[in-house]
Amino acid sequence: MMPYYKFNLSSVISRKPFFGALRIRRLALSSLAPNWTYLTTLCLNGPLNEALLEMAKQGLEMKFKDYDTLLNQCVKQRAYREGQRVHSHMIKTHYEPPVYLRTRLIVLYVKCDCLMDARYVFDEMPERNVVSWTAMVSGYAQNGHCLKALDLFVEMLREGAEPNEFTFTTILRSCIGKYGLFHGMQIHSLLVKYPFGSHLFVGSSLLDMYAKAGRTQEALIIFEGLPERDVVSCTSIISGFAQQGLNEEALVIFRKLQIEGMNFNYVTYVSILTALSGLAAIELGRQVHGHVLRLELPFFVVLQNSLIDMYSKCGHLDYSRRIFNSIPEKTIVSWNAMLVGYSRHGMGKEVVELYDLLKEVSGVRPNNVTVLAVLSGCSHGGMELKGLEIFDEIFSEDDGFELTIEHYACVVDLLGRSGQLDRALQFIKQMPLEPNAAIWGSLLGACRFHQNASIGKIAGNRLLGIEPENAGNYVVLANLYASAGRWEEVRSIREMMKRKSVVKVPGKSWIEVDQTLHTFLASDQAHPRKEEILQKVRDMSVRIKGVGYVPAVSCVLHDVDDEQKEKLLLGHSEKLALAFGLIASQGKPIRVIKNLRICVDCHNFAKFVSQVYSREVTLRDNVRFHHIVDGECSCGDYW
DNA sequence: CGATAGCCTT
């Protein structure tokens, strides 16, 4: 009989054994039983069933090493049922596993998302060490149960167990959400008592915690103070800034680290793509894309998904679709990214087509983000009735989607756009969630478009009650009153604004020319070519007035005369960026990005400019794209 | 002895 080690072991242990490997394993099983150590070793990376079956059949006595090998395999393969069989074998044979094996069981159950089982093993432990505590805390952290993780961590300290660097990295991950920073800072101060205060992993978790809580400066200080830097800590700081919308800062850090020679991984590229998407920096985005291809990074769906989103946010949906089509194993995020892309470009037909394709052929389950994308796609794409139909379908099917306030806001939008303002108001009154600013804002926008001042007044007052500090709301409501000729109410809005000391988020627009971003604020004086640009805006205004442009002075709520109002309107950041685009890029389409919703006057201005200057203009505001060609906008003047 | 850890897309 040939001893087992004469076989080609690597083929025996391979996950998908070549022809005959199974037979060899069977041979080994029959010839070498009942030596469990051999048998379990042969199961390395292979099917567990045979060894487990033998185990159950023969009721052999198992030793520590056998359980260890088997559980190790179960963990690697995330084999819940097989793990349970090993576990129950221990119980049946009255085997008292040591702390080590019990911890392995916890890890196994955690990996299989069976936290109840893990907790049961944990609770039954006669003694625990730091590893078992950390494994259990990590279980809660991995599954998003932040508060449970924190509770257990506190319990651990109370029991006198000493946390180690693993425990701290794990628990800091759970310090997110509403109270995350509060707990995270306490843990930060607790860390001082331990010798690994400047540990690389602990430091990365710490800076990530601060960055996610919006404390980017603290995060940066910790990053600078790390004992060394690696790709994860670098990605953490870059994505931290990007997630806070500090895209330019993220880009600066990325470049600095790149020059220092840091070797990035695919996660880093995902993070920098997020920043470039926010900036709509298409040329830089293309560079990153090319770089990723040259690096021959293995195929990462997450990276492909962020490329879809980057091209879509930069206005190149054709590239997005090409990448989408090239992904062999699309996840729901890939589908959603593509759907959201069509939605923000106002392409309702494509949204519905892709949604049908998703349901019919993909085999991927839609989630609530999908629903949101489809509903908003229908409203942005002029398919209000289709959108309402899909909502009814989903609502009646009850597919287990968690309908959030955003979903209801979409429905209000659909009803509002289709002119059913009374129904929209009824819908808001009947919905099971408390209406928020987005809901009332959506209704108010619909009232402005359909010139319904009475329902608009209801929506506006509710909105101002919820968000008294948001200047944009006052502007929309005043616009509505102004267009209805209700000047008394316009004046009262203006006074209300003064009284409540409303803060304006500064409007900001930018444009990418020759791989450089040129940023403009309202009435900007900072750009080196400011004189030229302001003169250009004035020229443009004169030229388009000749074909019917009338400045929408009701957009200005300052208490000044109309001449002043017109001057203020001409200083809007999107007009400056548009003018700069006309000067700096000959003949090419102009792509302007704005951080807020585009104002009525600027939208109208851009339409006239596209016509008079025969230039395609693309405006991206914080919600959607406006593709303006020859005086017509893809949004149909509803946004 | 071993078992426990940080970054990411819609």
Side-chain angles (χ1 to χ4, degrees), chain A residues 64-65 67-69 71-72 75 97-108 110-111 121-122 128-139 141-142 156 163-175 196 199-209 211-212 219 222-223 226 229-240 242-243 264-275 277 300-310 312-313 320 323-324 327 330-344 364 366-374 376:
Chain A
F64 169 85
K65 181 80 181 103
Y67 283 128
D68 183 30
T69 314
L71 283 180
N72 188 19
V75 170
V99 183
Y100 164 82
L101 278 185
R102 291 177 195 261
T103 308
R104 269 237 138 112
L105 278 171
I106 293 174
V107 172
L108 167 74
V110 165
K111 289 254 160 75
V121 176
F122 180 78
R128 297 170 189 142
N129 60 22
V130 59
V131 183
S132 27
W133 278 103
T134 306
M136 195 61 233
V137 172
S138 161
Q142 278 174 44
M156 171 182 179
N164 64 12
E165 65 273 32
F166 288 79
T167 324
F168 277 107
T169 40
T170 298
I171 194 62
L172 282 167
R173 244 184 109 192
S174 284
C175 294
F196 36 84
H199 187 271
L200 175 60
F201 277 38
V202 177
S204 305
S205 309
L206 204 54
L207 81 85
D208 199 61
M209 186 274 294
K212 284 207 170 75
I222 295 166
F223 179 70
L226 286 178
R229 283 173 188 172
D230 67 355
V231 60
V232 176
S233 51
C234 291
T235 306
S236 236
I237 195 75
I238 292 167
S239 78
Q243 280 166 14
F264 294 136
N265 63 12
Y266 87 97
V267 185
T268 325
Y269 292 108
V270 167
S271 305
I272 201 62
L273 281 172
T274 308
S277 304
F300 290 108
V301 188
V302 176
L303 187 54
Q304 305 288 339
N305 294 345
S306 37
L307 282 168
I308 293 177
D309 193 54
M310 188 273 292
S312 142
K313 281 188 179 149
S320 299
I323 291 165
F324 174 81
I327 303 177
K330 303 174 181 64
T331 64
I332 189 59
V333 179
S334 325
W335 288 89
N336 292 346
M338 199 63 232
L339 287 166
V340 169
Y342 284 132
S343 165
R344 72 163 66 92
V364 178
N367 62 12
N368 54 354
V369 180
T370 319
V371 178
L372 207 54
V374 173
S376 78

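Letters A, B, ... mirror the listed sequences (proteins, then strands); counts begin at 1. Since we're looking at a predicted model, the values are computed, not measured.
Of the listed nucleotides (B:dC7, B:dT10, B:dT9), B:dC7 has the atom at the smallest distance from the side chain of A:N265. Distance from the side chain of A:E165 is smallest to B:dA5 among B:dC7, B:dA5, B:dG6. In this structure, the nucleotide among B:dA5, B:dA3, B:dT10 sitting nearest to the side chain of A:V99 is B:dA3. Nearest nucleotide to the A:D309 side chain, out of B:dC8, B:dG6, B:dT10: B:dT10. When each of B:dT10, B:dG6, B:dC8 is scored by its nearest atom to the side-chain atoms of A:V232, the top-ranked nucleotide is B:dG6. When distances are taken from the side chain of A:V267 to each of B:dC8, B:dA5, B:dT9, the shortest belongs to B:dC8. Closest to the A:T235 side chain, of the nucleotides B:dC7, B:dG6, B:dC8, is B:dC7.
A:V107 comes within 4.0 angstrom of the backbone, heavy atoms only, and of no base. Base engagement by A:S233 is indicated by at least one non-hydrogen atom pair under 4.0 Å involving a base atom. Counting any heavy atom pair closer than 4.0 Å across all strands shown, A:D68 reaches no nucleic acid atom. No contact: A:N367 has no heavy atom under 4.0 Å from any strand. Contact annotation for A:V340: backbone-only contact, meaning every heavy-atom pair under 4.0 Å involves sugar-phosphate atoms and none involves a base. Base engagement by A:L200 is indicated by at least one non-hydrogen atom pair under 4.0 Å involving a base atom. Contact annotation for A:T134: base contact, defined as any heavy-atom pair under 4.0 Å involving a base atom. A:S236 comes within 4.0 angstrom of the backbone, heavy atoms only, and of no base. Across all strands, A:F300 comes closer than 4.0 Å to no nucleic acid atom at all (heavy-atom distances).
In this structure, A:I332 atom CD1 and B:dT9 atom P are separated by 17 Å, rounded to whole Å. Counting to the nearest Å, the P atom of B:dT9 and the CG atom of A:L339 are 19 Å from each other. Straight-line distance from the CD atom of A:Q304 to the C1' atom of B:dT10: 15 Å, rounded to whole Å. Put simply, CE on A:M209 is 13 Å from P on B:dC7, counting in whole angstrom units. Atom OH of A:Y342 and atom P of B:dT10 are 18 Å apart (whole Å). Between the NE2 atom of A:H199 and the P atom of B:dA5 there is a distance of 13 Å, rounded to whole Å. One interatomic measurement links the two molecules: CE of A:M156 to P of B:dA5, which rounds to 13 Å at whole-angstrom precision. Across the protein-nucleic acid pair, A:I272 atom CD1 and B:dC8 atom C1' stand 13 Å apart, rounded to whole Å.
Ring-plane geometry between A:F300 and A:Y266 is classed as parallel, the angle between the planes falling under 30 degrees on a 0 to 90 degree scale with a further cut at 60.
Counting distance only, with no hydrogens placed and no angle test, the side-chain atoms of A:N129 and the base atoms of B:dA3 include a donor-acceptor pair under 3.5 Å. Judged by atom type and distance alone, A:T169 does not reach the base of B:dG6 through any side-chain donor-acceptor pair under 3.5 Å.
Residues meeting the ring-ring contact (aromatic ring centres under 6.0 Å, His included) test with A:F223, sequence neighbours left out: none. Residues that satisfy the ring-ring contact (aromatic ring centres under 6.0 Å, His included) test with A:Y342, not counting sequence neighbours, are absent from this structure.
A donor and an acceptor atom, one from each side chain of A:D208 and A:S205, are nowhere located under 3.5 Å apart. Side-chain atoms of A:T331 and A:S334 include a donor-acceptor pair closer than 3.5 Å.
Phosphate proximity of B:dC7 to A:Q243: absent, as no side-chain N or O sits under 4.0 Å from OP1 or OP2. Distances shown here put a side-chain N or O of A:Q142 below 4.0 Å from the OP1 or OP2 atom of B:dA5. Residue A:K212 has a polar side-chain atom (N or O) positioned under 4.0 Å from OP1 or OP2 of B:dC8.
Shortest non-hydrogen contact noted between A:L273 and A:S306 is CD1-OG, 4.0 Å. The two residues A:H199 and A:L226 come nearest to each other via the heavy atoms O-CD2, 4.4 Å.
With centroids closer than 5.5 Å and planes inclined by less than 30 degrees as the test, A:Y100 and the base of B:dA3 fail to qualify as a stacked pair.
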